[in-house]
Amino acid sequence: MSTGNTTSSNVESDLRGFAADDEAVARRAFDRLASPARRVVLAYLRKHSGDAAECEDLAQETLASLWAYRARFRNQGAAAWVGLLRQVARQRLIDRRRAPVVPTADPPDWDSLPEGEQAGADLLAAVALEGDTERLLHAADVCWLGVDRTLAAAEHRRRLLAAQAFYLDGAGWEAISEVLGLGVGPSARRVLDEWLADASVQRSVAHAALYVPNAALAQRLVAAGDADGPWSAAEAAALGWRYGYALRPDQILARRDCRLSPEELEGLCVRSKARLPFMKTMQRVLDALERSGGTPQAALAEPGLWRRLVFDCAYREELPHRDILERLGPAAEVVGYPLTAATLNGWLSGGRLLRQLAGTLGRRER
Amino acid sequence: MTESDPEGPTFDPKVIAAVETALAGVLSAAPAASPGVGEIVGYLARSLPPERRAAVEDAMAGDDACREAVFATAAVLARVRAAAPGTFQATDPAEADVAREWEALLAQRAAAPLPVASGWDALRRALAEGRAGAAAAWAEFAAVGEQLLLHLQAPRIALTRGTEPAPDSPAILRAEITSAGALEAEATVPADYAGTVRLDLWFAGRSWPLAECEAVDGRARWQVPDLGALFGLPEGGIPAGWLRVSAPPAASPEPAETSMLAPLVRANGSAAGGPPAVVVFRGEPTWERRSYTLRLAVPPDLLGRYPRHRVRVEVPVGEGIRQVLGAWPLAAEMEIRAPWPGAPDQPHPGAPWPRLSLIGPEL
């Protein structure tokens, strides 16, 4: 059983309230839990159903089921709560596939939920349920990019912006100072110079350049076109599925609206892979940092930058290992970092990155 | 260095699946939308509340095109601010958009009442909440700090012409900036007074409440964190004339004349060196007949020393952001009127105190 000392979050207290005997207390707690729970359930359902209306219906049914199961609910911590959400949502999805109008009354399998001391996992799940994206991503910056843990997220963002403007856009320090409100004179210049020389800021510049959300990547590839001109409509649609939704080629071919043959799709994947921007981007960032007189390669070849990017790919974009490697492997090579399938497996399959992030979040809480 | 691996047990697969689902629910949110020109101008004028400011910065960090747009807008805005309101000649529609948004912001500045009377702490909160007029009021407060700093850099110049306090009224005994950037002040109050005593920063007939305390044994002591740090004031004493002590009901003296320091600058805008000049205000600046209006008296010795200099007038609009209104030849008595979008027809107090500088002639 998880205890309240694992997280100071409101989620933990609401879970205790939901488990209370007093129905009014439980109702108030459930009302507060429902919104984040709905968000998590929808994220889960969207991975398994392409029908937005169906996802909405099932999310509603899931929440109703959770309330119906309240009498037997035991608070086992935030991670177990998310496990329960998944289980109930999955059951509702299966019910819908079997018989759309008659949901089963089978209760969840309480024993299959995470149990025991899951301090880090509970904290991660609680922060996620609270929707505190900034806190999660800032902890990821501290954990892997080496950002000073005492620095506020907003302050780190200003340093990143200053470095992006200076290194990548060629902006002068006066312009940077004006836009970011750093003030004038030698002291502002000194502050900016310190930021620019900071290895964690340089890694952050590389990270921001290399982290391309799925939708933006698909849009960029489609807009750039093929070597001979624009993609056909069928090719553009396939690129959207492949990169915007991270579907595998076999999943794309299984779609009724895919108008490409297996051979055409295979050819498209080869051509689009060659046009992925990550290697060029890494080279551009490295050149820009080196032109400014630094020795950035060592900072960029540290595993932290690549762990941060793998975290983004796996947990923000929900990419499979193979796609992560396809995007990041060539870029890592540019700075001499050996990013392999085995590395990814170690980081992701054992939950190593999640444990690291939970550790950083825990230290920040203390 | 990045952080090392934590010690401790691994997560079991059920936990990993649950945490992955929770993260997917929050991290796969839609990316930040690109800000429009109005939002960018507001960002550059430091008039956005923190969450909208953060949204603009997130978009800039994640999108090269957005960053480029913000820097391009800043360059246009610098030219718009260097021209008197309403006189900027746009060369393309994008520049015209920036000028229009800036003028809308200036108009808001003229229309929004300044919440300065509620004190700097309340002002800071209003700024954080993004309340109308807060950014401009904060800018004006900061501009007063700039005058105080100038005064400390030129301590021989006497500025205040206020009346001497009555013998039984509160008097400042000590006022200094600490090494931590706080203002610490101590004052005497009538021995039989027991109640709240307020400390105000006082300049040109306007006061900014700084802090309150309870009087004990005829003494009042205040500490105002951050004030020195905010204004960039050096550690040490500050002139007691800048502070007023009031046991409610508060009453600030209202001088008919106020002196202000004006640094000397070259025609290209760079500092010319030398002590700042003293210029005397007749009354307060006002909004009047759709203009910003102020009346100045220039001492004869200043006219004699700088016969070809002009007085440049800038007004604070946002934190660290000023709008140039123009430059006028020095004269013994000056009435300056500059057009201001949104200014009322009738005389209306509450117009911001300007920053003055004396510009040398073109060589």
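This one's a predicted model, so the numbers in the text were calculated from it and none came from an experiment. Letters A, B, ... are given to chains in the order of the sequence lines, protein chains preceding strands, and every chain is numbered from 1.
- At distances below 3.5 Å, not a single donor-acceptor pair connects side-chain atoms of A:D141 with backbone N or O atoms of A:V147.
- For chain B, no part of A:S200 is nearby; none of its heavy atoms comes within less than 4.5 Å.
- Of the atoms belonging to A:I176, heavy atoms from both backbone and side chain fall under 4.5 Å from chain B.
- Ring pair A:F166/A:W173: centre-to-centre distance not below 6.0 Å.
- Of the two parts of A:L136, only the side chain, counted from C-beta on, holds a non-hydrogen atom closer than 4.5 Å to a non-hydrogen atom of chain B.
- Contact of A:D312 with chain B is not made at all, since no heavy-atom distance falls under 4.5 Å.
- When side chains are defined from C-beta on, A:L85 does not count as touching A:Y44, because their heavy atoms never get closer than 4.5 Å.
- With a 4.5 Å cut-off on non-hydrogen atoms, A:L160 touches chain B through its side chain but not through its backbone.
- Using a 4.5 Å cut-off between heavy atoms, A:A175 touches chain B through backbone and side chain atoms alike.
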Between B:E101 and B:E39, does a side chain to side chain contact (heavy atoms under 4.5 Å, CB included) hold up when you go through it step by step?
CA-CA 9 Å; B:E101 292 294 343; B:E39 197 76 352; over 6 Å; no

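- Interface remark: A:Q164 contributes backbone and side-chain atoms alike to the contact with chain B (heavy atom separation under 4.5 Å).
- Ion pairing of B:E95 with B:R79 is present here, as a side-chain N (NZ or NE/NH1/NH2) and a carboxylate O approach within less than 4.0 Å.
- The aromatic rings of A:Y315 and A:F311 lie tilted to each other, with the angle between the two planes from 30° to 60°.
- The contact between A:R157 and chain B is made entirely by side chain atoms (from C-beta outward), counting heavy-atom distances below 4.5 Å.
- For chain B, the option among A:N214, A:L161, A:V40 with the highest count of heavy-atom pairs below 4.5 Å is A:L161.
- Of the possible polar contacts, none joining the B:W102 side chain to the B:G42 backbone as a donor-acceptor pair under 3.5 Å is found.
- Residue contact with chain A, scored on non-hydrogen atoms closer than 4.5 Å, involves the backbone and the side chain of B:D58 alike.
- Contact annotation for A:R39: both backbone and side-chain heavy atoms come within less than 4.5 Å of a heavy atom of chain B.
- A:T360 places a side-chain N or O within donor-acceptor distance of the main-chain N or O of A:Q356, the cut-off being under 3.5 Å.
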